[in-house]
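Report on the following structure.
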Amino acid sequence: MTTQHYRPTRALINLEAIKENVRNLKNFLKPNVHIIAVVKANAYGHGDIKVAEAAIEAGATMLAVATPDEALHLREYFPNIDILILGHSPISFATVAAEQNIILTVFSSDWVKQLQLTSNRPLKVHMKLDTGMGRLGVTTIDEMLDLYSEIEKTNGLLLDGVFTHFATADEENESYFTKQVDKLNQFISKLPNKPRIIHVANSATTLMKDNTLQYDAVRFGISMYGLAPSPYVQTKLPFPITQSFSLETELVSVKLLHKGESVGYGATYTADETIYVGTIPIGYADGLIRKLGGQEVLIDGKRAPIIGRICMDQCMIALPKAYNIGEKVTLIGKQNEEEVTIDEWAAKVETINYEIPCIITARVPRIYITK
Ligand SMILES: *Cc1c(COP(=O)(O)O)cnc(C)c1O
């Protein structure tokens, strides 16, 4: 059942764009390299189930998430596909993971020693190598071998994969990246047996680096959603990607603001000439954070700035002329020749594009476009 939404504010998720991005990736990869669709954090705010469905249809053969809860949510909808949890899982989740065929990341032999598996099905794990990210993973060959043998001797545990993560793959300077690759090669050369899959490439590595780093699978996150991992990568993309997220609403009020009159909390904006002001029903509780004050939106194919302070549920825009109630306002996306990109928002609030769809809160319904 689809829920009826009465407020006109909504995020539109273009599933065709996501499929196209995955298909383009598939054509770009060496044959037989698997695509792991990274759908953590509710698919970077796009909606985990629909995005996963689109990615699988376009050729992804595995899903990756950050937490046990995210994995269980996907498992309800996808009974068969491999799901990998990239982050830490508590010991208490291990038996559930085995039963649900959810693959866990392991990086500590103590964690393995504490396991008390009571499932009839094996628990599949991927071993995480820390080659320089300094986050999760074994940091030395000895630690790796110790963890490896602990996994080998634990009944019901199966080493299915090995992986690492790069800290600087999206940057022009390759010196730190090269160090990580060297360390990775040392680790891999000392692995007693190669597991089913080795995967090391995030979007930036996949798009920018030598195709030997594709190994058996790539973990495709941000660029599946049509965004470049950094402005530098944006200038070097090996194939086109299309942004899949847009955000729109409608004018709910239009009024004249006379010269000298003000708008919003703190009366921080004062008209220096008579203008039309429109109110739109989206505010910081929707993720339109106050730092976005002054950001332009699109109306009738033209740019119009947000004026005054953004409220919790609403904000005001300076209109180029009088418009009717119900006129469409695009906060992220295209109108005719004009476009406000996620990258533009990211620059405005001095962050990375990854953060933007993630901060659009659950109050904003995700509506799926399938063409
Ligand atoms: C989030 C994440 C990815 C995806 O990275 P993108 O830059 O979005 O492609 C890959 N691997 C790990 C371990 C991650 O945490």
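Just follow the structure's listing: the first ligand is 1, and inside any ligand the first atom is 1. For this chain, numbers begin at 1 and follow the sequence in order.
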Restricting to pairs with a member in residues 207-232, which pass ring-ring contact (aromatic ring centres under 6.0 Å, His included), not counting sequence neighbours?
Tyr44-Tyr225, His46-Tyr225
Are Asp313 and Arg7 ion-paired here, with the side-chain N under 4.0 Å from a carboxylate O?
no
Could you tell me whether Phe177 and Phe166 have their ring centroids closer than 6.0 angstrom?
yes
Remaining members of Val263's ILVMFWY cluster at a side-chain heavy-atom cut-off under 4.5 Å?
Leu257, Tyr269, Ile275, Val277, Ile307, Met316
Identify, chain by chain and in numerical order, each protein residue with a heavy atom under 4.0 Å from an atom of ligand 1.
Val38, Lys40, Tyr44, Leu86, Arg135, His165, Asn202, Ser203, Arg219, Gly221, Ile222, Tyr354
Any side-chain heavy-atom pair from Leu29 and Thr206 closer than 4.5 angstrom?
yes
To which residues is Ile367 joined in a hydrophobic cluster, defined by side-chain heavy-atom contacts under 4.5 Å among Ile, Leu, Val, Met, Phe, Trp and Tyr, whether direct or through other members?
Leu12, Ile369
